[in-house]
Amino acid sequence: MATRPAALARLHLGVVSPWREAVSALFGDGRADFGDLQWELPENCEPGDSVLHVVCSPQPTIIEWDFVEAGPGGSDDVEFDCTRFYPDGVSLAAVERRLGFSLPTPPGTVDPARVGEVERAVAAEEADPTSWRLLGPVRCDDPMFDNGQPAPDYGCPGCDDDEVTLERHVVDFDDETGGGRTVFVCSRCHDRFHTPVPPSLADVVGSGRPPCPSCSAQHTLKVIWGFPPGPPPPGYEVAGCIIPDVPEDYACGDCAFSWAEDDARFPLVTDPAQYGRVRARIDSTPPHPESEHIELRQPGRLVVGRYEPSVPHGSVAPAWGDSGVRHLLMGEDRRLYEVDPQTVRLTEPAIPSLGGIHSPRIVDRAGVELFAALESPTGEVTLSSPFLTLGIATRLAALARRSTVDWYLLTRLDARAVANGALTVEGLRRLLAAGVAIADCPGLHGKAYVVGQSFAMVGSANLTNAGLGESRTPNAELSVVVPRAEVAGVQEVLDEWWDASWYVGEEDLVELEERAEHLPKPPPRPPSRGGTHEDPGLEAVVEQLLADARADGVTLWAKAQYGDADPSAWQPEGWFSTGGRGTPKFAPGDLVLIYAQDEHGIYGVVEVLDEPTYDPREEQWPWVNRATPRLMPDPLVLVAPEELGLDTRPLQAGRMRLGLAEFAAGVGAIADAHRVQAEMGED
């Protein structure tokens, strides 16, 4: 069907429900299901028209302005292209107040002569929202039926300000009885309750506090240590009378994560090549601020996740916007953040003294415990590990260089370990240069670490990225932090091993290198379907894939997949299903980036083999396409769409078309991530 001329284009009001689910889905919440939404449109919708989507929140609110791309009209089989969306909503009543006349009840069609006026009124209201106090009576004016005013010591439960006058607000419960609850808040927080897309009570309580660094929920509870001034109102958590060395300031009401905001007691990550769970501060604003609320991207906000400094490769550079090092953190909330490298710290605080006798502790990420103890050692350091990788050695050397105590390393000068990449000669050199004494202990197999007289840990973890749990693909290791009373016993054993060893110097390292060079190289790993780091065919696979993407008649897509991301499921052939309104437009030969919705990452490329087939047994996702893998690294790699500059909001509908540059960036990033994983595996 031909697009209507711009002069004849019409403007419709549609309804999307349920309203909270619609707001979540359209504004990019990956937990919301786009398929659960109900759409109501006038029957006369045609390509070329525009639609203002309205949700029936406590006051009808416009949340999105769409352009109709295709469809026969009515609520089914209509395809939209988003022109603009409004994260905070635009009050329909406020727009009508500006216009001086009423708009049709949704779903309905605006008088064609008034379309320009409506467009200008919506834009003006978005730029300068009308106060709810000017739009008529609300339930807050009803007689009081519940007095829940908090104690004066706590002030406003929304912003914690204790020097303001509190106003009464009635919070609806959205149940059949129409009941509610009275809360007392300051005028600023009261205004928040009356925004077009109103927050829940949990959203407002403590809204002046930082979002959760782990899940980014804005349901932050303030932790009270010691004796509170009285029963606390909502938004507080009483922790106890015994205050720890590093008390938490806040706790998340959603995921129960607790944290201290003061960075000073958390050791800095000194080597930017390390990977692992860390905390850091956001350094800059997002590249696409329109896709989510800016509060989550404020510079200086604390976030927790996996730290990955990265230099974009040529195929990805246009999406990144520059070619310099990006200090990135993949948050535990599945968002990608650019962080200040000077704020990257361990998640465990450095405790100056463990004090007294304590029970053994079992840990599966030894690096967190070890580096926290090494940040400010109170006595000599003795490390025992037959394997050592360059990243860990560099990090240890930096700590030893600035330390005021003696450092010792027991290892085993095994040429085969050097040839296999399990022991780094360059790393041993860096430790020697930093003043660490190294001894070669034949037959060494024990992994043990002692710091002063207060910390010792023994277990299976070598001084490698994977062994200490510092890589993205860590080994399954267990270690025991021993009771303080047993630290001296561990040190005594290591001293006996040291006495049976001999010192290592530069000449020993030169000889070790020569012996390793004369050993046979390890056999290459078997190639995967998409190529591997050792297989030069990976470049050829990528080159051919990008050539096919430029061919006539090939459409490029991104497709959302629910459930586990599993490369083996596509071998030698797989399938995907699609829902939504109308038959999907996938065709044989189309190329598709596969986006794992639950894991927030793109991990492969497939080629569509056939036209969509309708399966009536699947009500929600009835259209099925077979596909064959074109680039599907195994083991799994994941590339966050933010790295490519992709907005995943359209993927709430299950799929989205891509431009060649976006597709090429995705292919390049998958290949690059696979190379990085292969290099880390060699460590």
Completion exercise
Sorted by chain and residue number, the ring-ring contact (aromatic ring centres under 6.0 Å, His included) partners of Tyr250 (sequence neighbours excluded) come out as Trp259

Problem - Closest non-hydrogen atom pair, Ser214 against Glu332 - result: OG-OE1, 2.7 Å

Practice task
Given side-chain contact (heavy atoms from CB on, under 4.5 Å), test Val606 with Thr628 step by step and report yes or no.
Solution key: CA-CA 5 Å; Val606 301; Thr628 187; over 6 Å; no

Completion exercise
Output for pair (Phe576 CZ, Phe586 CZ), nearest 0.5 Å, gives 4.5 Å

Handout entry: Approximate separation, where rounding is to 0.5 Å, of Leu99 CG and Arg120 CZ
Key = 9.5 Å

Problem - Carboxylate-amine/guanidinium proximity below 4.0 Å for Asp548 and Arg630 - result: yes

Handout entry: Closest approach of Val118 to Leu103 (non-hydrogen atoms, all atoms of both residues)
Key = CG2-CD2, 3.8 Å

Exercise for the section: Indicate the ring-plane relationship of His190 and His169, choosing parallel, tilted or perpendicular according to the 30° and 60° boundaries. Expected result: perpendicular

Problem - Heavy-atom check, side chain of Val115 versus side chain of Arg10, under 4.5 Å - result: no

Practice task
For the pair Glu237 and Lys222, find out whether any cationic side-chain nitrogen is under 4.0 Å from an anionic carboxylate oxygen.
Solution key: no

Handout entry: Atom pair CG (Asp191) and CZ (Arg133), whose distance is rounded to the nearest 0.5 Å
Key = 4.5 Å

Problem - Stepwise side-chain contact (heavy atoms from CB on, under 4.5 Å) check, Lys559 with Met656 - result: CA-CA 7 Å; Lys559 177 71 177 71; Met656 61 183 286; over 6 Å; no

Practice task
Verify the neighbour count for atom CZ of Arg626: are there more than 12 heavy atoms of other residues, nucleotides or ligands below 6.0 Å?
Solution key: yes

Practice task
Determine the minimum heavy-atom distance between Val592 and Phe663, stating which atoms define it.
Solution key: N-CE1, 4.5 Å

Exercise for the section: Apply the test side chain to side chain donor-acceptor pair (under 3.5 Å) to residues Gln59 and Ser91: give CA-CA distance (whole Å), side-chain angles for both, the deciding distance (0.1 Å), then the verdict. Expected result: CA-CA 7 Å; Gln59 52 176 305; Ser91 166; 2.8 Å; yes

Exercise for the section: Could you tell me whether a side-chain N or O of Asp49 sits under 3.5 Å from a main-chain N or O of Glu46, the two making a donor and an acceptor? Expected result: yes

Problem - Backbone N/O of Thr555 and side chain of Asp590: donor-acceptor pair under 3.5 Å - result: yes

Exercise for the section: Please answer whether the main-chain N or O of Pro196 pairs with a side-chain N or O of Thr61 as donor and acceptor at a distance below 3.5 Å. Expected result: yes

Exercise for the section: Without swapping roles, check the side chain of Glu338 against the backbone of Ile282 for a donor-acceptor pair under 3.5 Å. Expected result: no

Handout entry: Criterion salt bridge (Lys or Arg N to Asp or Glu O under 4.0 Å) on Glu119 and Arg98, from CA distance to verdict
Key = CA-CA 11 Å; Glu119 183 174 2; Arg98 289 179 181 271; over 6 Å; no

Fill in the blank from the handout: Separation between CG (Asp254) and SG (Cys212), nearest 0.5 Å, reads 8.0 Å

Problem - side chain to side chain donor-acceptor pair (under 3.5 Å) between Gln561 and Tyr603, worked out - result: CA-CA 11 Å; Gln561 171 195 310; Tyr603 70 95; 2.7 Å; yes

Exercise for the section: Quick one: pull up CD1 in Ile594 and CG in Asp566 and give me the separation to the nearest 0.5 Å. Expected result: 12.5 Å

Problem - Exam field: side chain Asn625 to backbone Leu609, donor-acceptor pair closer than 3.5 Å - result: no

Handout entry: Test item: Thr195 and Trp132 side chains (from C-beta on) under 4.5 Å apart, heavy atoms
Key = no

Handout entry: Heavy-atom pair of closest approach, residues Val15 and Pro106
Key = CG2-CB, 3.3 Å

Exercise for the section: Mark yes or no for whether Arg168, through its side chain, and Phe184, through its backbone, hold a donor-acceptor pair below 3.5 Å. Expected result: no

Practice task
Please determine, by modelled atom types, if Ser102 and Glu96 share a side-chain donor-acceptor pair under 3.5 angstrom.
Solution key: no

Handout entry: Closest non-hydrogen atom pair between Val16 and Val55, with its separation
Key = O-CG1, 3.6 Å

Completion exercise
Taking every heavy atom of Ser216 against every heavy atom of Pro211, the minimum-distance pair comes out as O-CB, 4.0 Å

Handout entry: side chain to side chain donor-acceptor pair (under 3.5 Å) partners for Arg114, two or more places apart
Key = Glu117

Exercise for the section: Determine, step by step, whether Trp557 and Tyr595 satisfy the side chain to side chain donor-acceptor pair (under 3.5 Å) criterion, reporting the C-alpha distance in whole Å, the side-chain angles of both residues, the deciding distance to 0.1 Å, and the verdict. Expected result: CA-CA 10 Å; Trp557 302 85; Tyr595 167 66; over 6 Å; no

Handout entry: Trace of the side chain to side chain donor-acceptor pair (under 3.5 Å) decision for Tyr337 with Arg301
Key = CA-CA 10 Å; Tyr337 298 100; Arg301 181 197 155 203; 3.3 Å; yes

Problem - Distance (rounded to the nearest 0.5 Å) between His194 NE2 and Cys189 SG - result: 12.0 Å

